[in-house]
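We count ligands from 1, going down the list as the structure has it; atoms in each ligand are counted the same way.
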Amino acid sequence: MSYGSYLALETLLDAQRPVSEHHDEMLFIIQHQTSELWLKLVLHETRSAMALLAADEMRMALKRIARVKHIQRTLTDQWSVLATLTPTEYQEFRPYLGHASGFQSWQYRAVEFALGNKHAGMLRVHEADPEAHAVLTELLEAPSLYDEFLRYLSRRGYAIPEHVLTRDVTRAHELDPQLTRVLTRIYAEAEDNWDVYEACEELVDLEDNFQLWRFRHLKTVQRVIGMKTGTGGSSGVGFLQKALELTFFPELFAVRTEIGS
Ligand code: HEM
Ligand SMILES: N[C@@H](CC(=O)c1ccccc1NC=O)C(=O)O
């Protein structure tokens, strides 16, 4: 065993294959590859957290989520490296990218699905990659992290509405006022519900961090391509702006409005 063989460095360091002669394409490739590596770990930890919740191992699940939160911070901070890419530099190799786009990142889609932003239509993008397609199908059809959390709360005796527990998990969860009331009670009586109250706040952190990543993506895209349409066929900045309205855990944010009223 050696450093290089253990880490498969030969494979890893042989995987940067610029398609243009432009100096800055290396930055673009490595920024994406490091993001994909971290996404791999986010997925690994999130799936484990879901399994642990299903097994009533809340404390261990929270340990996984704590790690995910640190990775998210790294992913968000990393945007500053790519922000050194000027529009002129990017334009030199952008035409070589064809229709390639972040839309095709199956690991990103897997994380979105695991956190609850289900979108069956997105599977089509991955039809040519059976392994990715299989992982996404499995996650689409499985309860999300939030579903697992709510089922856990139900097993603990909290009055989670039956229709929430038996919902069609292949679709994104939608705000449920009855659920908001249950969660508001946990917040109002935090001292008596301390561990689940803390768990709720961990989920809020997770969503907050996810949104910060989305926001930095949007701002980086804005400074690099302005209002150009995306290589993936979307409107670009407008599309990314819309994604900022998405929420994984709507009731945990709705609780904020209810507290004290
Ligand atoms: C100069 C750098 C970048 C530009 C100009 C850019 C631009 C865009 C645009 C315009 C879209 C919308 C889809 C489309 O029409 O193509 C998009 C989506 C996406 N990008 Fe980027 N991007 C950049 C860097 C990155 C990086 C470093 C990542 C990290 C993995 C990334 C991940 C994604 C993902 C996952 C999506 C899909 C988002 C969703 O479906 O909600 N992008 N990007
Ligand atoms: N959608 C970007 C292209 C892009 O960013 C990209 C292209 C190939 C591989 C990954 C990419 N990253 C994220 O969207 C654009 O419109 O310029």
Side-chain angles (χ1 to χ4, degrees), residues 15-20 22-44 46 68 71-129 132-133 135-136 139-140 144 172 206-207 209-248:
Q16 293 68 45
R17 307 277 180 87
V19 291
S20 76
H22 197 76
H23 170 83
D24 299 296
E25 194 187 345
M26 188 62 92
L27 159 67
F28 190 78
I29 292 173
I30 291 181
Q31 179 94 18
H32 282 87
Q33 289 182 337
T34 49
S35 301
E36 288 290 341
L37 280 175
W38 282 125
L39 282 173
K40 184 169 182 169
L41 190 57
V42 167
L43 198 55
H44 181 67
T46 306
V68 170
I71 303 168
Q72 287 176 311
R73 283 182 206 127
T74 289
L75 279 167
T76 300
D77 283 350
Q78 183 171 305
W79 283 111
S80 69
V81 185
L82 194 61
T84 64
L85 181 72
T86 66
T88 338
E89 288 161 354
Y90 182 48
Q91 206 46 49
E92 301 238 11
F93 62 88
R94 188 179 188 233
Y96 293 87
L97 303 176
H99 290 292
S101 150
F103 267 157
Q104 295 156 344
S105 168
W106 73 264
Q107 293 202 114
Y108 176 80
R109 199 60 57 206
V111 173
E112 287 259 21
F113 280 10
L115 295 183
N117 184 18
K118 304 286 183 80
H119 192 319
M122 282 297 187
L123 279 177
R124 275 200 22 225
V125 178
H126 307 280
E127 264 165 2
D129 181 348
H133 195 273
V135 174
L136 288 172
L139 284 166
L140 182 78
S144 68
L206 199 69
E207 169 154 342
N209 285 351
F210 204 96
Q211 289 289 33
L212 291 176
W213 182 89
R214 283 191 180 132
F215 183 73
R216 288 299 301 272
H217 182 219
L218 164 74
K219 297 312 272 182
T220 310
V221 172
Q222 200 174 33
R223 68 186 278 169
V224 178
I225 63 167
M227 299 306 282
K228 289 188 183 81
T229 54
T231 50
S234 84
S235 60
V237 162
F239 167 82
L240 299 172
Q241 191 99 50
K242 199 91 190 103
L244 286 176
E245 289 167 21
L246 295 170
T247 168
F248 299 122

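- When Tyr108, Trp213, Trp106 are checked for heavy-atom proximity to atom 38 (C) of ligand 1, Tyr108 turns out nearest.
- Protein heavy atom in closest approach to atom 12 (C) of ligand 1: Ser234 OG, 3.3 Å.
- Contacts between Trp38 and ligand 1, counted as non-hydrogen atom pairs separated by less than 4.0 Å, are absent for every part of the residue.
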For ligand 2, list all ligand N or O to protein N or O distances below 3.5 Å, rounded to 0.1 Å.
from	atom 1	to	atom 2	distance (Å)
ligand 2	1 (N)	Thr231	OG1	2.9
ligand 2	12 (N)	His32	NE2	2.6
ligand 2	14 (O)	Gly102	N	2.8
ligand 2	16 (O)	Arg94	NH2	2.7
ligand 2	16 (O)	Thr231	N	2.8
ligand 2	16 (O)	Thr231	OG1	3.4
ligand 2	17 (O)	Tyr90	OH	2.5
ligand 2	17 (O)	Arg94	NE	2.6
ligand 2	17 (O)	Arg94	NH2	3.3

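- Ligand-side atoms of ligand 1 in range of Gln31: 27 (C), range being under 4.0 angstrom from any heavy atom.
- Minimum heavy-atom separation, Arg216 to Trp79: CB-CD1, 3.1 Å.
- Heavy atoms only, all atoms of each residue included: Glu89 and Thr84 are closest at OE1-O, 3.5 Å.
- Protein N/O/S atoms found under 2.8 Å from atom 21 (Fe) of ligand 1: His217 NE2.
- Here the shortest heavy-atom distance to atom 2 (C) of ligand 1, taken over Leu82, Leu97, Ile225, belongs to Leu82.
- When atom types are taken as modelled, the side chain of Gln33 and the backbone of Ala15 share a donor-acceptor pair closer than 3.5 angstrom.
- Distance check: His32 NE2 to Gln16 CD gives 13.5 Å after rounding to the nearest 0.5 Å.
- In terms of heavy atoms, Ser35 sits closest to Gln78 at OG-NE2, 3.3 Å.
- The distance from ligand 1 to the heavy atoms of Gly236 drops below 4.0 Å at these ligand atoms: 10 (C).
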Could you pull out all donor-acceptor pairs under 3.5 Å where a side-chain atom in residues 120-127 meets a protein atom, sequence neighbours excluded?
none

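- At a heavy-atom cutoff of 4.0 Å, ligand 1 is contacted by the side chain of Arg109 but not by its backbone.
- With Gln222 contributing its side chain and Val237 its backbone, the two residues share no donor-acceptor pair below 3.5 Å.
- Looking only at heavy atoms of the protein, atom 24 (C) of ligand 1 is closest to His32 NE2, 3.6 Å.
- For Lys40, the NZ atom counts as loosely surrounded, since its 6.0 Å shell holds 12 or fewer non-hydrogen atoms of other residues, nucleotides or ligands.
- The two residues Lys118 and Phe113 make their nearest non-hydrogen contact at CE-O, 3.2 Å.
- At a 4.0 Å cut-off, not a single heavy atom of Thr220 sits close enough to ligand 1 to count as contact.
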Determine all donor-acceptor pairs shorter than 3.5 Å in which one atom belongs to a side chain in residues 96-105; sequence neighbours excluded.
from	atom 1	to	atom 2	distance (Å)
His99	ND1	Thr231	O	3.2
Ser101	OG	Phe103	N	3.0
Gln104	OE1	Ser101	N	3.2
Ser105	OG	Glu36	OE2	2.8
Ser105	OG	Tyr108	N	3.1

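- A perpendicular orientation is assigned to the rings of Tyr90 and Phe93, their planes being inclined by more than 60° (bins at 30° and 60°).
- Listed by number with element, the atoms of ligand 1 under 4.0 Å from a non-hydrogen atom of Ser35 are 29 (C), 30 (C).
- Near Phe28, meaning under 4.0 Å from one of its heavy atoms, ligand 1 places the atoms 1 (C), 2 (C).
- Using a 4.5 Å heavy-atom threshold, the side chains of Leu240 and Arg214 count as separate.
- Close contacts of ligand 1 with Gly232, meaning ligand atoms under 4.0 Å from a residue heavy atom, involve 14 (C), 15 (O), 16 (O).
- In Arg73, the CZ atom is crowded: over 12 heavy atoms of neighbouring residues, nucleotides or ligands sit closer than 6.0 Å.
- Using modelled atom types, one finds no donor on one side chain facing an acceptor on the other under 3.5 Å when comparing Gln91 with Arg94.
- Using a 4.5 Å cut-off on side-chain heavy atoms (C-beta onward), Val111 and Thr46 make no contact.
- Neither the backbone nor the side chain of Ala243 comes within 4.0 Å of ligand 1, counting heavy atoms alone.
- Nearest heavy-atom pair across Pro18 and Met26 is CG-CE, 4.5 Å.
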